[in-house]
Engineer: 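Sending over a structure as structure tokens; questions will come in a sec.
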Protein chains: 2
Amino acid sequence: MIGGRRSAAIEAIRAAGGRVTAPRQAVLDAVLDADEHHFTASDIVAAIHHTKQPTDRATVYRTLELLTEIGLLDQLQLDSGAAVYHRADHPHGHLLCNECGSVEELPSEVLEDVVGRIASHAGFVVDTARVALSGACRACAAKAAVG
Amino acid sequence: MIGGRRSAAIEAIRAAGGRVTAPRQAVLDAVLDADEHHFTASDIVAAIHHTKQPTDRATVYRTLELLTEIGLLDQLQLDSGAAVYHRADHPHGHLLCNECGSVEELPSEVLEDVVGRIASHAGFVVDTARVALSGACRACAAKAAVG
DNA sequence: CTTTTTGCAAAGCTTTTGCACCACA
DNA sequence: TGTGGTGCAAAAGCTTTGCAAAAAG
């Protein structure tokens, strides 16, 4: 591929007037290597901890903030706990089940539909990258209806 | 009126097997007197602080949790900061503007519509009491489009 | 060389918890 | 009078900040 995600990200950091340092590359690699679509600052700290470039919590927080500012990551609050990040190249809404704690993705077509309706009926432009809704997933809703 | 909100709430506490104490009534009064539709635990602590029944933070947290459990309040996380509560007798969604920081209410008709669509298209039953969406309000969206 | 970034340590903020004392029912 | 509630103080969990040393451009 011509210029992968990694080099594109490094370009973006430079374009924003930022310096490309070893700690930043370590965070970036951890973010790109993440199997999960969602990860917290602690996840990144842990992932880097045993590598050749262990990085301080504060630096990880500052780097994630930077990556969010330049549009590579989206940050959102799934609950009262730690902030959760996900790559901006995989936009989607989040559905959090209060019963089983699962986090499923809201299909982008439904998300677009819903956001469009709110825009036209309430004049509010919802940021699709930060949609998180609580409730009951299909399985738990069925369980509740029966039980 | 026959049995106002206050006495109904006290009834509910008793019905749940809880005791009606001075601190709990103080929190309840602060909640019912709140001009704002939204308030945090700190708001309640501050409101009670200079009254005849100043109450400890821990007790306020425990009481707000109780009131939420018995269905008098809804709790939601508007951002990474403090949890926000609102009275359950005034159900509505929340629209948070990232630009100006305003919090407006999502009309319940639009909310119902949206929640219904997510239920039918994604099989997920959204809790209408905990809907909070980030984005740009009408004014700020217009400003962004022009600027 | 100048400016940004890092690491460390400490503090900030919200919320929770352990425990002895107090009080409602 | 017995169980449940309260206050105090301390701790937990996430995140931010001040500052001197280190490093990028």
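Because the structure is predicted, anything quoted here is derived from the model rather than measured. Here is the naming used below: chain letters follow the sequence lines, and residue numbers restart at 1 for every chain. Only heavy atoms go into these numbers, but all of them, side chains included; no hydrogens, no water, no symmetry mates.
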Engineer: Determine whether B/Q25 and B/V20 satisfy the following criterion, side-chain contact (heavy atoms from CB on, under 4.5 Å), listing intermediate values before the conclusion.
Structural biologist: CA-CA 7 Å; B/Q25 292 182 60; B/V20 179; 3.4 Å; yes

Engineer: Given D/dT3, C/dT5, C/dT15, which nucleotide is nearest the side-chain atoms of A/R19?
Structural biologist: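 Shortest atom-to-atom distance from the side chain points to C/dT5.
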
Engineer: Does the pair A/R130 and B/N98 meet the rule for a side-chain contact (heavy atoms from CB on, under 4.5 Å), with working shown?
Structural biologist: CA-CA 11 Å; A/R130 296 195 200 178; B/N98 295 326; 3.3 Å; yes

Engineer: Run the side-chain contact (heavy atoms from CB on, under 4.5 Å) test on B/V114 and A/D113 for me, step by step, so that the C-alpha distance in whole Å, both residues' side-chain angles and the decisive distance to 0.1 Å come before the verdict.
Structural biologist: CA-CA 9 Å; B/V114 159; A/D113 175 32; over 6 Å; no

Engineer: State which residue, out of B/R6, B/R24, B/K52, fulfils the salt bridge (Lys or Arg N to Asp or Glu O under 4.0 Å) condition with B/D29.
Structural biologist: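 Exactly one candidate clears the test, B/R6.
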
Engineer: Under the criterion side chain to side chain contact (heavy atoms under 4.5 Å, CB included), which of A/C140, A/S134, A/C137 is the partner of B/F124?
Structural biologist: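 Result for side chain to side chain contact (heavy atoms under 4.5 Å, CB included) with B/F124: A/C137.
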
Engineer: Using whole Å, report how far CG of A/L28 lies from P of C/dT5.
Structural biologist: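 Atom CG in A/L28 sits about 15 Å away from atom P in C/dT5.
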
Engineer: Over its full length, what angle do the end axes of the helix from C/dC1-D/dG25 to C/dA25-D/dT1 make, each axis taken from five pairs and the result rounded to 10 degrees?
Structural biologist: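 That helix gives 30° between its end axes.
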
Engineer: For DNA chain D, determine which residues of residues 57-70 of chain A have any heavy atom closer than 4.0 angstrom to one of its atoms, and list them numerically.
Structural biologist: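 Within residues 57-70 of chain A, the residues near DNA chain D are A/R57, A/A58, A/Y61, A/R62.
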
Engineer: List for me each residue that meets salt bridge (charged side-chain N to carboxylate O under 4.0 Å, His left out) alongside A/D79, sequence neighbours excluded, and say none if there are none.
Structural biologist: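 If we apply the salt bridge (charged side-chain N to carboxylate O under 4.0 Å, His left out) test to A/D79, skipping adjacent residues, there are no hits.
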
Engineer: Using distance alone, with no hydrogens and no angle criterion, decide if A/H92 and A/H37 have a side-chain donor and acceptor under 3.5 Å apart.
Structural biologist: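 Side-chain D/A pair, A/H92 to A/H37: absent.
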
Engineer: Nearest-Å distance, CG (B/D56) to P (D/dG5)?
Structural biologist: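 My rounded result for the distance is 16 Å.
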
Engineer: Counting only side-chain N and O atoms of B/T40, is one of them less than 4.0 Å from OP1 or OP2 of C/dT14?
Structural biologist: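 Answer is no, no contact under 4.0 Å.
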
Engineer: Reckon A/A22 touches a base, only the sugar-phosphate, or nothing at all at heavy-atom distances under 4.0 Å?
Structural biologist: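 Counting heavy atoms under 4.0 Å across all strands, no contact is made by A/A22.
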
Engineer: For A/R87 and A/R5, what are the C-alpha separation, side-chain angles and deciding distance, and is it a side-chain contact (heavy atoms from CB on, under 4.5 Å)?
Structural biologist: CA-CA 11 Å; A/R87 298 221 308 265; A/R5 269 191 280 263; 3.3 Å; yes

Engineer: Starting from C1' on C/dC13, measure out to CG on B/L78 and report it in whole angstrom.
Structural biologist: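 For the pair B/L78 CG and C/dC13 C1', the rounded distance is 17 Å.
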
Engineer: Looking only at the side chain of A/P23 (C-beta and beyond, no hydrogens), which of the listed nucleotides C/dT4, C/dG7, D/dT15 gets closest?
Structural biologist: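 Taking heavy atoms from C-beta onward, the closest nucleotide is C/dG7.
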
Engineer: Report which part of the nucleic acid A/G18 touches: base, sugar-phosphate, or nothing (heavy-atom distance under 4.0 Å, all strands).
Structural biologist: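 Here A/G18 touches the backbone only, sparing every base.
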
Engineer: Given the rule that I, L, V, M, F, W and Y join up when any side-chain heavy atoms are under 4.5 Å apart, are B/L66 and B/F39 in one cluster?
Structural biologist: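 As far as the 4.5 Å side-chain criterion goes, B/F39 and B/L66 are connected within one cluster.
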
Engineer: Can you measure A/I48 atom CD1 to C/dT6 atom P for me and round it to whole angstrom units?
Structural biologist: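 Rounded to whole Å, this separation is 11 Å.
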
Engineer: What integer distance in Å separates A/Y85:OH from D/dT15:P?
Structural biologist: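 Interatomic distance, OH of A/Y85 to P of D/dT15: 7 Å.
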
Engineer: Please state how far atom CD in B/Q53 lies from atom P in D/dG5, giving the value in whole angstrom units.
Structural biologist: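 The distance from CD of B/Q53 to P of D/dG5 comes to 15 Å, rounded to the nearest Å.
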
Engineer: Whole-Å distance between C/dT14 P and B/I44 CD1?
Structural biologist: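 Rounded to the whole Å, the gap is 14 Å.
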
Engineer: Once you round it to whole Å, what is the distance between P of D/dC14 and CD of A/Q77?
Structural biologist: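 Whole-Å distance recorded here is 11 Å.
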
